[in-house]
Protein chains: 2
Amino acid sequence: MSANSRLTIAAHALVWIGLYQRRGHEVATSEQIATSVNTNPVVIRRLLGELRGADLVSARRGTGAGWVLRKNLVELTLLDVYRALGSEPVFALHPAQPDPDCVVGHGIGPVIAGAYQNVEAAMHRELAGITLEDVLRDILKAT
Amino acid sequence: MSANSRLTIAAHALVWIGLYQRRGHEVATSEQIATSVNTNPVVIRRLLGELRGADLVSARRGTGAGWVLRKNLVELTLLDVYRALGSEPVFALHPAQPDPDCVVGHGIGPVIAGAYQNVEAAMHRELAGITLEDVLRDILKAT
DNA sequence: TTCTGTCGTAACAATATTGGTTACATCTGC
DNA sequence: GCAGATGTAACCAATATTGTTACGACAGAA
C-alpha cells in the first residue's frame, strides 16, 4: 500500500455526492459513499474531513446526518481537490544539504527548485482545467 | 524519510560527472559524487545503476574504475532521467475496484485515468524542456 | 599471481505514508 | 433518552525511500 489514490477517492466521493443531491437527496452518508468507492467509511470521513477544511463540503450531525457539497460541481476543479488534500510536492530536494564547497553542491538547490516549480505549475494548470462536472458528464456519457 | 528526492540526486550526480569530465577527468567515482551530494556511495551506485539501464551512463570496473556519461549534457533532459528512474505515476486509481453496480463506481475509472494521463503528459512536457546543460549553466551563472 | 581500488548487490534498519479496521465519544433530530 | 450519523484516536500491514554495513566480482598494476 503506497500508491497515492487520495485524489481519486476524494474526486469519486464528491462526484457521488453531487449526483446523489442532483437526484433529490439532501445528504449523503460516508457509508453510502464507501460502498461506491469500495472502502471503509472511516477512509471517506477522513478524506472528506480534509475537504471540509477547504470548505468544499460540510457535514451535518445528529439524526439524518451526512455530507453536503458547499459548491456546485461546475465550480470544483481537480486542482481545488488536490490543494484541499494538502499534498506534498511531487519532487523533493536533497535529504541532506549538499557539499557547499562543491560548485554543483553549492548551486544546484535553487536551480532544481526552480525547475520543479515549473513542473508543479504545469500540473496545476492541467488539474485546474478539469471540473468535477466534466468528470460526471464523461461518466454519464460512457454509460 | 519518504519524500522523493531520487530525481534530484540523479540529476545532481549526472551534472557533477559532466562538469568533472569537462575539466579533463575521465571517470568519476561514486565516492566523489556521494561527497558532493552528501550521502552514502551506495545510494549513488544504486541510482546510477538504474540510469545505466537506460544507457545514460556506464561504469568501468577494476583499478581506475568509475562512471562515464554516455550522452552529452545537452542531450539529457530531466524527462530522460525521470523515465530512467522508472517512477510510478503520480496519481493512482482506486486501491480496490469500485462498486460496478453504481453509475459513478462503474464509470469513473477510465474518466479519471484519462485526466491523469493529461496531467502526466503536461509534467513530461515540462521536464523535457529542461536539459542538464541548462541546469549546469544556471548553477555556474549563479556562482 | 597477488594486490588494490572500485563497482554490484544483498541485507538490514529507520522513517513516513497510505489504506484498512475497530472502538468509542459526540452531536442532534425525533 | 434513543437512534443514527460524524469525529477521531489508536492500531496494523504493506510499501517506498534513504542510509548503512558487508562482501563478492572485476580489472589494471606491481
Side-chain angles (χ1 to χ4, degrees), chain A residues 1-10 12-13 17 20 25-35 37-53 57-68 70 82 85-98, chain B residues 1-10 12-13 17 20 25-35 37-53 57-68 70 82 85-98:
Chain A
M1 226 166 282
S2 87
N4 194 339
S5 51
R6 286 157 51 81
L7 181 57
T8 299
I9 299 180
H12 185 148
I17 300 173
Y20 197 61
H25 305 87
E26 288 203 1
V27 301
T29 68
S30 56
E31 177 91 33
Q32 297 170 314
I33 302 168
T35 298
V37 174
N38 188 13
T39 183
N40 193 291
V42 174
V43 172
I44 301 298
R45 290 206 287 273
R46 270 199 301 232
L47 273 175
L48 290 184
E50 297 186 51
L51 301 187
R52 184 185 49 209
V57 297
S58 65
R60 289 189 198 161
R61 306 195 57 170
T63 311
W67 300 90
V68 183
R70 297 279 290 169
Y82 180 72
L85 293 177
S87 309
E88 291 291 303
V90 176
F91 300 113
L93 298 185
H94 300 71
Q97 200 204 355
Chain B
M1 223 167 285
S2 85
N4 193 340
S5 51
R6 284 158 50 82
L7 182 57
T8 299
I9 300 182
H12 184 148
I17 300 173
Y20 196 60
H25 303 86
E26 288 204 2
V27 300
T29 69
S30 56
E31 176 92 34
Q32 296 170 315
I33 302 168
T35 298
V37 174
N38 189 12
T39 184
N40 192 293
V42 174
V43 173
I44 301 299
R45 290 206 286 271
R46 269 199 301 234
L47 274 175
L48 291 184
E50 297 186 51
L51 301 188
R52 184 185 46 210
V57 296
S58 64
R60 290 191 198 159
R61 307 193 61 171
T63 311
W67 299 91
V68 182
R70 296 279 289 170
Y82 180 72
L85 293 178
S87 310
E88 290 292 303
V90 175
F91 301 113
L93 299 186
H94 301 73
Q97 201 204 354

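Predicted model, so just to flag it, every value in this text is computed and none were measured.
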Measure CG/L93(B) against P/dT18(C) and give the value in whole Å, please.
16 Å
Does R61(A) contact dT26(C) through a side-chain donor or acceptor facing the base, at a distance under 3.5 Å?
yes
When rounded to the nearest 0.5 angstrom, what distance separates CG in N4(A) from CG in L93(B)?
11.5 Å
Plane angle bin for Y20(B) and H25(B) - parallel if under 30°, tilted between 30 and 60°, otherwise perpendicular
parallel
Starting at atom CD of Q97(A), determine the distance to atom P of dT18(D), rounded to an integer number of angstrom.
17 Å
Nearest-neighbour nucleotide for the N4(A) side chain, dG7(D), dT18(C), dC7(C) considered
dT18(C)
Can you tell me how far the CH2 atom of W67(B) sits from the CG atom of L48(B), to the nearest 0.5 Å?
5.0 Å
Taking only the side-chain nitrogens and oxygens of T29(B), find out if one of them lies under 4.0 Å from OP1 or OP2 of dT6(C).
no
Do any N or O atoms from the side chain of R6(B) and from the backbone of L85(B) form a donor-acceptor pair under 3.5 angstrom?
yes
Pick the closest DNA chain D nucleotide for R45(B) and for R60(A) by heavy atoms, then say which residue is nearer the 5' end.
R60(A)
Mind checking the CD1-CG spacing from I44(B) to L47(B)? Nearest 0.5 Å is all I need.
6.5 Å
Which nucleotide sits closest to the side chain of V42(A): dG19(C), dT21(C), dC7(C)?
dT21(C)
Where the side chain of N40(A) is concerned, which of dT22(C), dT6(D), dT18(D) is the nearest nucleotide?
dT22(C)
Rounded to whole Å, the CD-P distance (Q32(A) to dG4(D)) equals 14 Å
Taken to the nearest whole Å, CG/L7(B) to P/dA16(D) is 18 Å
Give one of base, sugar-phosphate or nothing for G66(B), where a contact means two heavy atoms less than 4.0 Å apart.
sugar-phosphate
Among dT18(C), dT6(D), dA22(D), the one nearest R6(A) by side-chain distance
dT18(C)
With the side chain defined as heavy atoms from C-beta on, A65(B) is closest, among dG8(C), dT20(D), dC7(C), to dC7(C)
Ranking L47(A) and G62(A) by the position along DNA chain C of their nearest nucleotide, the one closer to 5' is L47(A)
Within the structure provided, determine whether S58(B) and R70(B) are in side-chain contact (heavy-atom separation under 4.5 Å).
yes
Please check the phosphate of dG19(C) (OP1 and OP2 only) for any side-chain N or O of T39(A) closer than 4.0 Å.
no
If you check the R46(A) side chain, which of dC7(C), dT18(D), dA10(D) turns out closest?
dA10(D)
To the nearest Å, how far apart are W67(B) CH2 and dG5(C) C1'?
15 Å
Whole Å only: how far is the CG atom of L48(A) from the P atom of dG19(C)?
14 Å
From CD1 of I44(B) over to P of dG8(C), roughly how many Å is that when rounded to an integer?
13 Å
On DNA chain C, does the nearest nucleotide to T63(A) precede the nearest nucleotide to I9(A) from the 5' side, or the other way round? Give the residue.
I9(A)
Send over the distance from E26(B) CD to dT6(C) C1', rounded to a whole Å.
15 Å
